J.: 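Let me give you the structure first, and then I'll get to my questions.
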Amino acid sequence: MTIRIAAHDDLEVLVKLLGVLFAIEADFIPDTERQQAGLQRIMESGPGKVIYVAEVASAVVGMCVAQETLSTAEGREAVWIEDVVVSPAFRRRGIAHALLRSIEEWAHDRGVNRLQLLADRDNAPALLFYSAEEWNCTQLICLRKRI
């Protein structure tokens with residue numbers, strides 16, 4: 001397995017991986033055009049955003065996105081992690097763990113000391129995984145409003 005930063009040539013498979021993820025998340029709907037546009041914007045946004053991919057035998061089988069934000073609580077940057085997904089045929093092989101470690105190293109190198117992510121409350125396998133990875137639940141809930 002190899003972990004690397006995503007390239008434009010990876011877009012098609014990344015959109016497919018997002019389709020896998022969004023099919024199990026109640027709050028999101030797979031939309032190829034939107035997801036491709038979002039991924040392209042992240043790739044072209046500069047140093048505060050990154051997409052890591054996992055390759056097995058030269059095929060992309062997993063991905064993870066990280067984006068810096070400013071935290072008033074920390075008084076400095078924090079990192080939001082999104083779209084941690086591994087192709088079903090390659091799960092339980094340490095791929096998601098390796099992707100998250102790469103994000104942690106990227107964030108640490110940028111001087112960030114807090115990572116945060118959202119997970120679907122009904123995705124028991126993901127919640128067990130994050131718990132095993134020493135992620136902690138907070139007292140916060142996620143709210144959103146479309147405008």
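Since the model is a prediction, treat every value here as computed from it, not as a measurement.
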J.: Assess whether a salt bridge exists between R110 and E77, defined as any Lys/Arg side-chain N lying under 4.0 Å from an Asp/Glu carboxylate O.
T.: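 Not counted as a salt bridge, because no side-chain N and carboxylate O are separated by less than 4.0 Å.
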J.: State plainly whether one hydrophobic cluster holds both L99 and L115, where clusters connect Ile, Leu, Val, Met, Phe, Trp and Tyr through side-chain heavy atoms under 4.5 angstrom apart.
T.: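 Linked, L99 and L115 end up in one cluster.
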J.: Do V86 and L118 belong to the same hydrophobic cluster, where Ile, Leu, Val, Met, Phe, Trp and Tyr are linked whenever their side-chain heavy atoms lie under 4.5 Å apart, directly or via other members?
T.: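 The answer is no; the residues belong to distinct hydrophobic clusters.
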J.: Just verifying a value: how many Å separate R121 CZ and D27 CG, rounded to the nearest 0.5 Å?
T.: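 These two atoms lie 8.5 Å from each other.
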J.: Determine the minimum heavy-atom distance between V112 and E68, stating which atoms define it.
T.: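 Smallest heavy-atom distance, with atoms named: CG2-OE2, 4.4 Å.
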J.: Within the 4.5 Å heavy-atom criterion, are P30 and L18 side-chain neighbours or not?
T.: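 No; the side chains remain at least 4.5 Å from each other.
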J.: With hydrophobic residues grouped by side-chain heavy-atom distances under 4.5 Å, do V53 and V84 end up in a single group?
T.: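 Hydrophobic grouping puts V53 apart from V84.
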J.: Rounded to the nearest 0.5 Å, how far does CD1 of I103 lie from NE2 of H108?
T.: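 These two atoms lie 15.0 Å from each other.
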J.: Are I81 and I51 in one and the same hydrophobic cluster, where Ile, Leu, Val, Met, Phe, Trp and Tyr link if side-chain heavy atoms are under 4.5 Å apart?
T.: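 No, I81 and I51 fall in different hydrophobic clusters.
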J.: So for atom CZ, which belongs to R34, do other residues, nucleotides or ligands contribute more than 12 heavy atoms lying within a distance under 6.0 Å?
T.: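 12 or below, so no.
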J.: Side-chain contact test, heavy atoms from C-beta onward, threshold under 4.5 Å: evaluate it for F129 versus L100 and give yes or no.
T.: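 Yes - at least one pair of side-chain heavy atoms lies under 4.5 Å apart.
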J.: Do NZ/NE/NH1/NH2 and the carboxylate oxygens of E133 and R101 come within less than 4.0 Å?
T.: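 Counted as a salt bridge, because a side-chain N and a carboxylate O are separated by less than 4.0 Å.
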J.: Quick one, L14 and M43 - any side-chain contact, counting heavy atoms below 4.5 Å?
T.: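 When only atoms from C-beta onward are counted, M43 and L14 do touch, with a gap below 4.5 Å.
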J.: Which atom pair, heavy atoms only, marks the closest approach of A119 to Y130?
T.: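 Heavy-atom minimum between the residues: CB-CE1, 4.0 Å.
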J.: Do you know the tightest heavy-atom contact between M63 and L39?
T.: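 Shortest heavy-atom separation between M63 and L39 comes out as CE-CD2, 3.9 Å.
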J.: Could you give all pairs that pass the salt bridge (Lys or Arg N to Asp or Glu O under 4.0 Å) test and reach residues 37-56, with sequence neighbours left out?
T.: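 As it turns out, the salt bridge (Lys or Arg N to Asp or Glu O under 4.0 Å) pairs with a partner in residues 37-56, which skip direct neighbours, are R4-E55.
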J.: Measuring only between side-chain heavy atoms, which start at C-beta, is V60 closer than 4.5 Å to L17?
T.: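 Touching, per the 4.5 Å side-chain cut-off.
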J.: Could you check whether any side-chain heavy atom of N113 comes within less than 4.5 Å of a side-chain heavy atom of R76, counting everything from C-beta outward?
T.: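 In contact.
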J.: Spell out, yes or no, whether V13 and I42 are grouped together once hydrophobic residues are joined by side-chain heavy atoms under 4.5 Å, including indirect joins.
T.: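 The answer is yes; both residues are in one hydrophobic cluster.
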J.: Heavy-atom distance under 4.5 Å between the side chains of I3 and M1, does that happen here?
T.: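 I3 vs M1: side chains touch.
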J.: I need the L117 CG to C142 SG distance, nearest 0.5 Å.
T.: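 With rounding to 0.5 Å, CG (L117) is 11.5 Å from SG (C142).
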J.: Could you tell me whether the side chain of I5 reaches within less than 4.5 Å of the side chain of V50, counting heavy atoms only?
T.: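 V50 vs I5: side chains touch.
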J.: CG of D122 to CG of L127: how many Å apart, nearest 0.5 Å?
T.: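 Result: 8.5 Å between the selected atoms.
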J.: Check whether more than 12 heavy atoms from other residues, nucleotides or ligands sit under 6.0 Å from atom CD1 of I29, and answer yes or no.
T.: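 No, CD1 of I29 has 12 or fewer neighbouring heavy atoms, counting only those of other groups under 6.0 Å.
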J.: So do W106 and V79 actually touch side chain to side chain, heavy atoms under 4.5 Å?
T.: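 The answer is yes, as the side chains (C-beta and beyond) meet within the 4.5 Å cut-off.
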J.: Report the C-alpha separation of R93 and V61 in whole Å, then their side-chain angles, then the decisive distance to 0.1 Å, and conclude whether the side-chain contact (heavy atoms from CB on, under 4.5 Å) test is met.
T.: CA-CA 11 Å; R93 297 185 190 187; V61 299; over 6 Å; no
J.: Say you draw a straight line from CG of D10 to NZ of K16; how long is it, rounded to the nearest 0.5 Å?
T.: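 Answer rounded to 0.5 Å: 12.5 Å.
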J.: Residues two or more places apart in sequence or in another chain: which of them pass side chain to side chain contact (heavy atoms under 4.5 Å, CB included) with F28?
T.: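 Result, side chain to side chain contact (heavy atoms under 4.5 Å, CB included) vs F28: F22, E25, R144.
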